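Heavy-atom basis, side chains included; hydrogens, waters and symmetry copies ignored. Every number for a ligand or one of its atoms is a count from 1 in the order of the listing. Everything quoted here is computed from the prediction, not taken from an experiment.
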Amino acid sequence: MMSESKDKTLQKQEGSGNIVVLYTMVAQGCIECGRCRKACRFLQANGMPRGFAEEALAGRPDLRGVFACSLCGLCTSVCPQDIDPAAMFAEMRREAVRRGQGRFRRHRGLISYERWGGSPLLSWYGLPTGCDTVFFPGCSLAGTRPRRILQLYEHLERTIPALGVVLDCCTKPSHSLGRTRHSADVFGELVRALQADGVRNVLVACPSCYTMWRDYGGKITVRTLYEDLAGRDIGGPAQYPATVTVHDPCSVRNETHIHEAVRKLIAARGLQVEEMPHHGTTTVCCGEGGAAGCLAPQFADNWGRIREQEAAGRRIITYCAGCVHLLGRRTTVSHVLDLFFDPDKTLADQVRVARPPLTWLHRFLLKGKLRRRLKPAIIGRRGADGRVRMK
Ligand code: SF4
Ligand code: SF4
């Protein structure tokens, strides 16, 4: 079931050799300057990265404790020593799983959500004749905003006539929870099936999906649809002289090309962007990262508090449906796709976004709508054994 090329990287991570290298790099390189700790509530409660590494090298790794880290990467971004504590914490989670210490009851809901996303009921692959590019909307957008998926398809197919669509889960939750082998098997199967049918490019909406395709997508090239949309004649109304701010999802903190594309889409509607202190490469997590909120809501919630304070009453525009949901509990947040397609309702807070259990129904019904719209030559879905079958 394993695909080739980059999925081998995921398999390599199954060995324990990586982790000793990471511990050693952090233990030797960290000068305990405190910059990362100042930025992060998890580190304030648990000590600096060097302490984690030294304890681990002494045979006392806190493998369960690191599941309270959001894996947001801010520590890595602010480190003057070019150390990557976030990579060490992610690897510690994998080590926990390898040693059978990575199971938590509170992760069950997330694992189940992922499993349903890649189930025979909700997965669907539609490839028109000559298709070499697919749109991969991800689980969250498909459930909360199915109409946007159809609008996006119509918009994109103007310049990509044989555009396909794939509804499936990228398995980022498993990847974040250290379940690397599972993630490699399931995502690798998706990549293998698309490569075998001639797909070479994927357009994604979700930043988490982007990182999975970027890191493990084999020969398939990934791009966000924000870059695609920003590169076209955007058109539409541009008469909204309001001021907004932008939340960059932490999973794409280093992808400046995506940050720029989103700001271009916002500017195209006439809106002025005022940046928050944490943006771009130093953005903060929304609170959802690494599923830390399942085990340590006090740390995860702190990121949301920072965002609320920094937004200071301005509308936040972001490009992750999960971030919209989390931050929307605290302050006014809009998805850039809502702004792009429906600026009047978005700026009047009249966009209707589905919530569970309706999101499940939407995802199921979306398959039929796409099938009628695409009339695909090749249709696929996952079987109960996890394999993708195309015919
Ligand atoms: S929560 Fe973010 S900043 Fe804090 S240790 Fe984890 S990855 Fe680093
Ligand atoms: S920012 Fe870097 S050097 Fe400073 S305490 Fe954190 S890991 Fe160590």
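Between Phe52 and Phe89, a ring centre-to-centre spacing shorter than 6.0 Å is recorded. Ring pair Tyr319/His247: centre-to-centre distance not below 6.0 Å. Taking the six-membered ring wherever Trp is involved, the centroid distance between the rings of Phe135 and Tyr153 does not fall below 6.0 Å. Centroid-to-centroid, the aromatic rings of His175 and Tyr216 come within less than 6.0 Å. Aromatic rings of Phe42 and Trp303 (six-membered ring for Trp) have centroids beyond the 6.0 Å cut-off, not under it.
Relative to the six-membered ring of Phe340, Arg269 meets both conditions, a distance below 6.0 Å and an angle of at most 45° to the axis. At least one cation-pi condition fails for Arg50 and Tyr23: the charged atom is not both under 6.0 angstrom from the six-membered ring centre and inside a 45 degree cone around its axis.
In this structure, Glu32 has a heavy atom closer than 4.0 Å to ligand 2. Heavy-atom distances between Ala39 and ligand 1 stay at or above 4.0 Å for every pair. Contact analysis puts Pro80 in contact with ligand 2, with a non-hydrogen atom separation below 4.0 angstrom.
For ligand 1 and Gly73, the ligand atoms under 4.0 Å from any heavy atom of the residue are 2 (Fe), 7 (S). Atoms of ligand 1 lying under 4.0 Å from any heavy atom of Leu43, numbered from 1 in the order shown and given with element: 5 (S). Applying the 4.0 Å criterion to heavy atoms of Gly34 picks out, from ligand 2, the atoms 4 (Fe), 5 (S). Interface atoms of ligand 1 facing Phe89, defined by a heavy-atom separation under 4.0 Å, are 5 (S). Close approach of ligand 2 to Met48 (heavy-atom distance below 4.0 Å) involves ligand atoms 5 (S). Here is the list of ligand 1 atoms found below 4.0 Å of a heavy atom in Leu71: 6 (Fe), 7 (S). In the vicinity of Pro49, heavy-atom distances shorter than 4.0 Å reach the ligand 2 atoms 7 (S). Against a heavy-atom cut-off of under 4.0 Å, Phe42 is close to the following atoms of ligand 1: 5 (S).
Counting only heavy atoms of the protein, atom 3 (S) of ligand 1 lies nearest to Cys75 N, 3.4 Å. Counting protein heavy atoms only, atom 2 (Fe) of ligand 2 is closest to Cys79 SG, 2.4 Å. Considering only non-hydrogen protein atoms, atom 1 (S) of ligand 1 sits nearest to Ser70 N, 3.3 Å. With respect to atom 8 (Fe) of ligand 2, the closest heavy atom belonging to the protein is Cys30 SG, 2.3 Å. Regarding atom 4 (Fe) of ligand 1, its nearest protein heavy-atom neighbour is Cys40 SG, 2.4 Å. In terms of protein heavy atoms, atom 6 (Fe) of ligand 1 is closest to Cys69 SG, 2.3 Å.
The residues Arg60 and Glu54 are annotated as not salt-bridged, no charged nitrogen and carboxylate oxygen being separated by less than 4.0 angstrom. A salt bridge does not link Asp248 to Arg253: none of the charged side-chain nitrogens sits closer than 4.0 Å to a carboxylate oxygen. The pair Glu91-Arg98 meets the salt-bridge criterion, with a side-chain N (NZ, NE, NH1 or NH2) lying under 4.0 Å from an Asp/Glu carboxylate O.
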Check against salt bridge (charged side-chain N to carboxylate O under 4.0 Å, His left out), Arg41 and Asp301: CA-CA 10 Å; Arg41 186 61 65 84; Asp301 286 354; over 6 Å; no

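Taking 2.8 Å as the criterion, Cys33 does not count as a coordinating residue of atom 2 (Fe) of ligand 2, since none of its N, O or S atoms falls below it.
Within a 6.0 Å radius of CZ in Arg106, other residues, nucleotides and ligands contribute 12 heavy atoms or fewer.
In Gln81, the part holding a heavy atom less than 4.0 Å from any atom of ligand 2 is the side chain.
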